[in-house]
Protein chains: 2
Amino acid sequence: MNLRELSKTLGLSQTTVSRALNGYPEVSEATRKRVEAAALRHDYRPNTRAKSLATGRTMTIAHVIPMSTKHEMVNPVFADFIAGAGETYQKAGYDMLLSVVSDPEEANAYRGLAARNTVDGMIVHAPRAEDPRLALLRKLDVPFVVHGRFPGVDEGDGYSWLDTNNRRGFERATSFLIDLGHRRIALINGLPELDFAIRREDGYRRALDAAGLPFDPALVRGDEMTEFYGHDAAAEMLDAPDPPTAFLTSSMIVAMGVRRAIQDRGLALGRDVSVITHDDDLSYFRTSTPEPTFTALHSSVRDHGRKCAQMLIDLIADRTRAPMRELLEADFLVGRSTGPAPAADWRITATQRD
Amino acid sequence: MNLRELSKTLGLSQTTVSRALNGYPEVSEATRKRVEAAALRHDYRPNTRAKSLATGRTMTIAHVIPMSTKHEMVNPVFADFIAGAGETYQKAGYDMLLSVVSDPEEANAYRGLAARNTVDGMIVHAPRAEDPRLALLRKLDVPFVVHGRFPGVDEGDGYSWLDTNNRRGFERATSFLIDLGHRRIALINGLPELDFAIRREDGYRRALDAAGLPFDPALVRGDEMTEFYGHDAAAEMLDAPDPPTAFLTSSMIVAMGVRRAIQDRGLALGRDVSVITHDDDLSYFRTSTPEPTFTALHSSVRDHGRKCAQMLIDLIADRTRAPMRELLEADFLVGRSTGPAPAADWRITATQRD
DNA sequence: ATGTTCTGTCAAAGCGCTTTGGACGATACG
DNA sequence: CGTATCGTCCAAAGCGCTTTGACAGAACAT
């Protein structure tokens with residue numbers, strides 16, 4: 001059922017039917033009702049392609065998801081981010097196009113989406129150091145919103161972004177541990193080229209500096225955030241001569257690995273070793289207990305998805321508007337994984353036990 | 001840059017340029033080279049919408065991801081499945097449209113995609129008991145491939161699907177545990193209405209039946225597969241009077257929760273309590289060690305994505321072809337989480353220790 | 001009665017592509 | 001030499017929609 005058939009059925013012109021359905025005022029209320037009833041009866045919905053060819057708007061937004069060829073990993077936070085964005089799109093009548101693309105095709109993917117007029121806008125994921133995408137996207141002249149920020153150019157205008165205050169969050173978490181008496185604090189971070197990892201390390205370092213504590217590279221790791229990575233990194237550090245008494249981790253799943261390494265060694269989480277994690281509030285890691293297991297910096301990535309989507313929709317509606325920026329503070333929730341630094345001799349006991 | 005401009009630049013008709021770029025034989029090799037060079041130089045790519053309006057093919061495939069309103073959870077396996085499907089689409093020149101949709105809008109989402117001619121085909125996720133989608137999709141007359149099967153109608157033809165042999169896998173895993181001497185075997189399953197969960201329980205029951213062991217409902221749980229769920233379910237069972245000596249879990253993340261519950265109680269995984277898990281081989285749960293931590297049924301969901309996508313592409317290419325079906329056997333890999341059932345008195349020791 | 005402004009409708013153009021049905025030389029064949 | 005065939009190319013129609021510009025007819029003012 002297309003517009004022509006529908007209008008023929010009604011004995012009206014395509015013009016009138018189109019106008020009636022799109023809410024234009026030039027059509028009488030009586031005919032509008034008649035048209036709407038007929039449209040509903042025949043389950044008529046305008047052909048997306050024809051409509052967008054005629055209007056020049058595609059009502060589609062692309063998410064280009066980078067998939068590193070090195071690691072072949074799809075970051076699990078995307079699932080939740082996309083769920084959030086999807087909610088917003090649905091309400092606004094947008095479709096979501098997903099491009100999972102590996103490094104070498106990346107630039108081409110963005111160019112293709114723009115040149116083929118496939119989408120009205122894009123969401124950019126996982127900005128990283130030396131990221132060529134900012135320059136590319138500016139050249140392409142397509143509205144876009146970045147989830148995160150491009151390192152180095154954050155305060156410069158010219159693009160819209162939404163980000164958690166990673167620096168402040170990790171500075172705060174580190175200070176919290178320092179206040180509890182911890183002096184050897186490890187950071188189990190994400191891939192070092194990613195912007196959020198850079199900022200988190202920055203916050204961590206600032207807190208150490210402020211407390212006059214030395215930065216020890218042996219206590220910092222950066223990699224793809226899996227449970228095994230968390231476990232192995234923590235195990236290695238805990239088995240080293242001067243082990244940390246506290247860990248900061250960049251994701252819940254890494255924290256689980258750290259916890260396992262701690263417990264494997266007969267140590268108690270929150271008593272012998274403290275852990276603070278960043279928590280993206282992923283739906284499948286959500287705890288049911290009222291008191292959180294982990295002391296954590298909470299920042300719902302699903303909510304980020306919703307907000308980024310809305311920003312982009314607003315940007316598309318008025319392409320001339322100034323870039324939008326939103327810096328969200330993570331909630332710091334104290335759970336059961338942190339406690340005062342143990343007395344200096346606990347390590348000996350632990351080592352003997354091991 | 002569009003076709004008309006490009007053809008004007010070249011002093012050729014749109015017809016010729018279009019044919020040259022689409023590899024039709026009615027154009028001389030010399031002009032084809034000339035056209036291709038010009039297209040490259042101007043970074044010309046045909047407008048997706050115009051092309052699909054003219055051809056009637058959208059070169060887009062939809063994935064409708066159900067999001068239960070009860071749980072608001074996005075299953076983490078989707079990320080990997082979609083990464084796999086995305087690879088295939090990219091190679092074949094397809095775009096991927098994602099609809100994250102909650103129960104009440106579900107039917108409308110499918111109808112809309114079909115009626116608006118937005119996509120050439122759909123991938124159907126998470127088939128469940130009493131699923132209204134099969135009837136709906138048949139009526140819509142859109143090619144589709146189901147990841148999994150609709151319970152009850154699996155052997156009937158009429159639709160294409162790709163599935164792991166969940167029944168056989170869990171039957172095998174259960175038998176393996178029985179052979180090791182386990183008599184009290186728990187099943188920590190996914191949401192009970194989901195087809196894979198139904199089949200897994202079926203396999204589990206068959207193995208118990210075959211061994212003459214009773215089915216104990218107290219040893220079976222079904223819910224959203226989170227780490228906490230796995231932990232809590234296992235903790236409860238282990239603390240009950242007649243605890244299981246082995247667990248079957250439906251996902252790696254549930255297995256991690258089970259492991260935590262086991263270790264919390266001072267029990268050793270693989271010695272005091274055995275665990276076998278289904279493992280979707282998600283990229284962020286992949287272990288680096290050569291010997292797997294968990295004895296597991298492996299079945300790469302990313303590979304499922306690749307294969308489902310290819311099936312659908314083939315189906316779209318020839319809509320008259322017979323429905324395709326593919327039943328994949330999971331690899332059974334023995335890791336360190338299983339061992340002989342402990343002597344009957346171990347429980348007393350464990351309980352005292354607790 | 002005449003001109004003016006609305007109201008409600010329509011025919012037709014256009015969005016950027018593919019594809020049908022020729023046209024026009026050049027070549028091959030009888 | 002006339003005719004059939006082939007290789008290249010083109011003009012124009014059409015995909016299903018929106019939107020421009022025009023046009024009757026009713027309503028209003030003069």
Side-chain angles (χ1 to χ4, degrees), chain A residues 1-36 38-39 42-60 93-95 112-120, chain B residues 1-36 38-39 42-60 93-95 112-120 142 317:
Chain A
M1 173 59 66
N2 60 25
L3 187 62
R4 195 180 36 191
E5 294 173 37
L6 184 66
S7 53
K8 216 156 264 173
T9 309
L10 284 159
L12 288 169
S13 74
Q14 293 190 37
T15 312
T16 306
V17 176
S18 171
R19 293 215 150 124
L21 293 174
N22 289 316
Y24 282 79
E26 301 97 329
V27 58
S28 75
E29 231 15 72
T31 38
R32 188 193 305 281
K33 287 270 173 287
R34 208 158 64 85
V35 169
E36 274 168 353
H42 295 99
D43 194 27
Y44 166 77
R45 319 205 195 189
N47 182 308
T48 328
R49 309 291 158 151
K51 184 159 184 164
S52 77
L53 185 57
T55 58
R57 306 193 52 199
T58 65
M59 296 308 281
T60 306
Y94 276 86
D95 287 325
L113 288 170
R116 295 182 306 149
N117 255 285
T118 314
V119 297
D120 289 339
Chain B
M1 172 59 64
N2 60 24
L3 187 63
R4 194 179 39 190
E5 293 174 38
L6 184 65
S7 54
K8 217 157 261 172
T9 308
L10 285 159
L12 289 169
S13 75
Q14 293 191 36
T15 312
T16 306
V17 176
S18 171
R19 294 213 150 128
L21 293 173
N22 289 316
Y24 282 80
E26 302 95 331
V27 60
S28 76
E29 227 21 67
T31 37
R32 188 192 304 283
K33 286 269 172 286
R34 208 158 65 85
V35 170
E36 274 168 355
H42 295 99
D43 195 27
Y44 166 77
R45 319 207 194 188
N47 181 308
T48 327
R49 309 291 157 152
K51 184 162 185 163
S52 78
L53 185 57
T55 57
R57 308 193 50 197
T58 65
M59 296 307 283
T60 306
Y94 275 86
D95 286 324
L113 288 170
R116 296 182 307 150
N117 254 284
T118 314
V119 296
D120 290 338
V142 166

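Lettering of chains follows the sequences in order, A, B, ..., and the numbering in each one begins at 1. All values reported here derive from a predicted model rather than from experimental measurement.
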Net bend of the helix from dA1(C)-dT30(D) to dG30(C)-dC1(D), end axes of five pairs each, nearest 10 degrees: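 Angle reported: 60°, given to the nearest ten degrees.
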
Within residues 18-26 of chain A, residues whose heavy atoms come under 4.0 Å of DNA chain D: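 Listed by number, they are Ser18(A), Arg19(A), Asn22(A), Tyr24(A).
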
Counterpart residues, side-chain contact (heavy atoms from CB on, under 4.5 Å), relative to Ala54(A) (two or more places apart):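 In terms of side-chain contact (heavy atoms from CB on, under 4.5 Å), with neighbours along the sequence ignored, Ala54(A) is linked to no residue.
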
Within-4.5 Å side-chain heavy-atom neighbours: Leu10(B) and Arg34(B):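 Side-chain contact under 4.5 Å: yes.
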
Asn22(A) and Ser18(A), any side-chain heavy atoms less than 4.5 Å apart: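 Yes, side chains in contact.
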
Whole angstrom is fine here: how far is it from [atom1] in [X] over to [atom2] in [N]?
| X | N | atom1 | atom2 | answer |
| --- | --- | --- | --- | --- |
| Asn2(B) | dT18(C) | CG | P | 12 Å |
| Met59(A) | dC17(D) | CE | P | 16 Å |
| Arg45(A) | dG16(D) | CZ | P | 18 Å |
| Asn47(B) | dC17(D) | CG | P | 17 Å |
| Asn117(A) | dC17(D) | CG | P | 20 Å |
| Gln14(B) | dC10(D) | CD | P | 11 Å |
| Met1(B) | dC17(C) | CE | C1' | 15 Å |
| Glu29(A) | dT9(C) | CD | P | 11 Å |

Residue pair Asp95(A) / Thr60(A), side-chain donor-acceptor N/O under 3.5 Å: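 Looking only at side-chain atoms, Thr60(A) and Asp95(A) do not form any donor-acceptor pair under 3.5 Å.
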
Residue pair [X] / [Y]: nearest heavy atoms and the distance that separates them:
| X | Y | result |
| --- | --- | --- |
| Leu21(B) | Ala39(B) | CD2-CB, 3.9 Å |
| Ser7(B) | Val17(B) | CB-CG2, 3.6 Å |
| Arg49(A) | Asn47(A) | N-OD1, 2.8 Å |
| Gly23(A) | Arg32(A) | CA-NH1, 3.3 Å |
| Tyr44(A) | Leu3(A) | CE1-N, 3.5 Å |
| His42(B) | Thr9(B) | CE1-CG2, 4.1 Å |

Below 4.0 Å: OP1/OP2 of dC10(C) and any side-chain N or O of Thr16(A):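 Yes, because at least one side-chain N or O of Thr16(A) sits under 4.0 Å from OP1 or OP2 of dC10(C).
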
Heavy-atom donor-acceptor pair, Thr15(A) side-chain to dT19(D) base, under 3.5 Å: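 Looking at the base of dT19(D), it does pair with a donor or acceptor on the side chain of Thr15(A) (distance under 3.5 Å).
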
Whether Thr58(B) side chain and Asp120(B) backbone form a donor-acceptor pair below 3.5 Å: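 Confirmed, Thr58(B) side chain pairs with Asp120(B) backbone.
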
Sub-4.0 Å heavy-atom contacts from residues 50-57 of chain A onto DNA chain C, ordered by number: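 Correct list: Leu53(A), Ala54(A).
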
For DNA chain C, the residues among residues 4-13 of chain A that have a non-hydrogen atom under 4.0 Å from it: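 Residues of residues 4-13 of chain A under 4.0 Å from DNA chain C: Gly11(A), Leu12(A), Ser13(A).
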
Approximate separation, where rounding is to 0.5 Å, of Thr118(B) OG1 and Arg45(A) CZ: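 Those atoms lie 9.5 Å apart.
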
Separation between CD of Glu5(A) and CD of Gln14(A), rounded to the nearest 0.5 Å: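 Going from CD on Glu5(A) over to CD on Gln14(A), the span is 10.5 Å.
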
Partners meeting salt bridge (Lys or Arg N to Asp or Glu O under 4.0 Å) with Lys33(A) (sequence neighbours left out):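 For Lys33(A), the residues satisfying salt bridge (Lys or Arg N to Asp or Glu O under 4.0 Å) (neighbours in sequence not counted) are Glu29(A).
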
